[in-house]
Amino acid sequence: MDFALTDDQRAIQDAARAFAEAELAPHSAEWDETKHFPVDVMRRAAETGFAAIYAGEEHGGMALGRVEAAVIFEELSRGDVSTAAFISIHNMATWMIDSFGSDDLRARYVPRLAMMELIASYCLTEPGSGSDAAAMRTTATRDGDHFVLNGSKAFISGAGTSDIYVVMARTGEAGPKGISAFVVEKETPGLSFGAQEKKMGWNNQPTAVVSFDDCRVPAANLLGKEGDGFRYAMMGLDGGRLNIAACSLGGARLALETAQAYVATRKQFGRALNEFQNVQFKLADMATQLEAARLMVLRGAWAIDTGHPEKTKWCAMAKRLATDACFQIADEALQLHGGYGYLKDYPLERIVRDLRVHRILEGTNEIMRVITAREMMRQ
């Protein structure tokens, strides 16, 4: 067992850290306050390769593994959780097109996605089917050389701004085997967007309903084979869950570092807070939780990279543990700041708000337990 990053991985980590410190961290509070979607900054991240991390090199991707992706997203999220999380979603959509699209689709879209000239969203969840994604009601009916899409998707990050939507829709029988995946361009007639959601966190990225009303999509925009879309979506979610877990690591790390600096200078009863043993114990527990979560995330990433047969279970376990633990770390960091932690002068309240949704999206943590238990029963 070797827990050290390679020289190449450390160089990637350094690049992500430098970008986060220069381009994300100084603006995080303002973007949250003004609900600004920093497309220009994300395009600069794409110039570093962070928009197509595990897409192939043929069309401009970095062809890196999930371990490298986890390292990158931890560093980016330490600068700004919400922006890093959206970049992870863009990467998932790019990977799906690169992995399952035809040669023409890949050549047409992936180079522009890799530079974020085109921005991508991932459309799976529906108003009536969240955790039960296989029960989706959005349909795609074949009509000559097109599919006609009808239905809607909910909670879609980037909705209304993104140029490309990777959409799962029902083309056949009930259940997961009747679902296919499509690439839908923003200007396609019949595609529309709802009002922007007012959210607790992730304020600097747009979120809305995406609707399809007799939306005609070329049959050539089908990803892979008809009926395989749900399988592709679940494969994408293995990695997506790790990315969100990694984004939790970065936010929690910033929260812990902020708290550690605060308790070293804040005095009560004539002593610095970090001289009190109960504060020391809190910091020790927070650091232990963070390290345990990171190890789980890296193990899940290694499982995907090596094609381990238990990769789905380990990714679910990592997502559940990391997002729960990191939210708790951020909450404890806020508590250590007392009333100041509740103010926007410090980053704690923003981190808490941004990390809270990580326990819901990419599959709720209750569903992570279902997946873990189901995989255990198969052994």
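None of these values were measured; they are calculated from a predicted model. As a basis for the values below, the full set of heavy atoms in this structure was taken, side chains included, without hydrogen atoms, waters or symmetry mates.
For D305 (side chain) and V67 (main-chain N/O), a donor-acceptor pair under 3.5 Å exists by modelled atom type. T265 contributes a side-chain N or O that, together with a main-chain N or O of Y262, makes up a donor-acceptor pair within less than 3.5 Å. In this structure a side-chain-to-backbone donor-acceptor pair under 3.5 Å is present from K186 to G160. The closest donor-acceptor contact from the side chain of D354 to the backbone of G201 lies at 3.5 Å or more, if one exists at all. Judged by distance alone, with hydrogens and angles left aside, the side-chain atoms of K344 form no donor-acceptor pair with the main-chain N or O of E33 at under 3.5 Å. The backbone N or O of A333 lies less than 3.5 Å from a partner atom in the side chain of H337, making a donor-acceptor pair. Under a 3.5 Å cut-off, the side chain of R170 and the backbone N or O of G175 do form a donor-acceptor pair. The closest donor-acceptor contact from the side chain of R241 to the backbone of E362 lies under 3.5 Å. Put simply, the side chain of D163 gets close to the backbone of I119: a donor and an acceptor are under 3.5 Å apart. Between the side chain of R142 and the main chain of G144, a donor-acceptor pair closer than 3.5 Å is present.
Every salt bridge (Lys or Arg N to Asp or Glu O under 4.0 Å) that D228 has, sequence neighbours left out, goes to R231. For R137, the salt bridge (Lys or Arg N to Asp or Glu O under 4.0 Å) test picks out no residue, with sequence neighbours left out. The salt bridge (Lys or Arg N to Asp or Glu O under 4.0 Å) test applied to E126 returns K153, not counting sequence neighbours. In this view, D103 and R106 satisfy the salt bridge (Lys or Arg N to Asp or Glu O under 4.0 Å) rule, not counting sequence neighbours. Scored by the side chain to side chain contact (heavy atoms under 4.5 Å, CB included) test, P218 finds H146, N221 as partners (sequence neighbours excluded). Scored by the side chain to side chain contact (heavy atoms under 4.5 Å, CB included) test, S192 finds S211 as partners (sequence neighbours excluded).
Taking a 4.5 Å side-chain heavy-atom cut-off between Ile, Leu, Val, Met, Phe, Trp and Tyr, the cluster of V217 extends to F147, L149, I156, Y165, V167, F182, V184, L191, F193, V210, F212, L222. Within the hydrophobic cluster formed by Ile, Leu, Val, Met, Phe, Trp and Tyr side chains joined at under 4.5 Å, directly or through other members, M1 is accompanied by F3, L295.
Donor-acceptor pairing under 3.5 Å is recorded for the side chains of Y109 and E185.
Around atom CE of M376, no more than 12 heavy atoms belonging to other residues, nucleotides or ligands sit under 6.0 Å away. Heavy-atom neighbours of F155 CZ from other residues, nucleotides or ligands within 6.0 Å: at or below the threshold of 12.
Under the side-chain hydrogen bond (donor to acceptor under 3.5 Å, both in side chains) test applied with T207, the options K199, Q196, E197 reduce to a single match, K199.
Taking the centre and axis of the six-membered ring of F276, the NZ or CZ atom of R271 falls inside the cone set by 45° and 6.0 Å.
One finds the CD1 atom of I53 at 4.0 Å from the CG atom of N91 (value rounded to the nearest 0.5 Å). Between atom CD1 of residue I360 and atom CD1 of residue I367 there is a gap of 12.5 Å, rounded to the nearest 0.5 Å.
Pairs passing the side-chain hydrogen bond (donor to acceptor under 3.5 Å, both in side chains) check and including a residue from residues 367-376, sequence neighbours excluded, read E375-R378. Screening residues 348-378 for ring pair (Phe, Tyr, Trp, His ring centres under 6.0 Å) gives W202-H358 as the qualifying pairs, with residues at least two apart or on separate chains. Pairs engaging residues 283-312 under the ring pair (Phe, Tyr, Trp, His ring centres under 6.0 Å) rule: W302-H308, H308-W314 [sequence neighbours left out].
Residues L273 and L283 fall within the same hydrophobic cluster, defined by Ile, Leu, Val, Met, Phe, Trp and Tyr side chains chained together at heavy-atom separations under 4.5 Å.
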Table please: side-chain donor-acceptor pairs of residues 74-81 below 3.5 Å, with sequence neighbours left out.
residue	atom	partner	partner atom	Å
E74	OE1	R294	NE	3.1
E74	OE2	R253	NH1	2.9
E74	OE2	R294	NE	3.3
E74	OE2	R294	NH2	2.7
E75	OE1	R17	NE	3.2
E75	OE1	R253	NH2	3.2
E75	OE2	R17	NH2	3.1
E75	OE2	R253	NH1	3.1
S77	OG	F73	O	2.8
S77	OG	E74	O	3.0
S77	OG	C247	O	3.0
S77	OG	G250	N	3.4
R78	NE	E257	OE1	2.8
R78	NH2	E257	OE1	2.6
D80	OD1	S28	OG	2.3
D80	OD2	T83	N	2.8
D80	OD2	T83	OG1	2.7
D80	OD2	N204	ND2	3.3

>> I'd like to know whether Q328 forms a side-chain contact (heavy atoms from CB on, under 4.5 Å) with D324, so could you lay out the CA-CA distance, the side-chain angles of the two residues, the decisive distance to 0.1 Å, and finally the verdict.
In response: CA-CA 6 Å; Q328 183 179 355; D324 279 347; over 6 Å; no
>> Run the side-chain hydrogen bond (donor to acceptor under 3.5 Å, both in side chains) test on T312 and D238 for me, step by step, so that the C-alpha distance in whole Å, both residues' side-chain angles and the decisive distance to 0.1 Å come before the verdict.
In response: CA-CA 6 Å; T312 294; D238 277 348; 3.0 Å; yes
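Here D32 pairs with R353 in a salt bridge; the nearest charged N to carboxylate O distance falls below 4.0 Å.
When all heavy atoms are compared, the tightest approach of P347 to T258 is CG-OG1, 4.0 Å.
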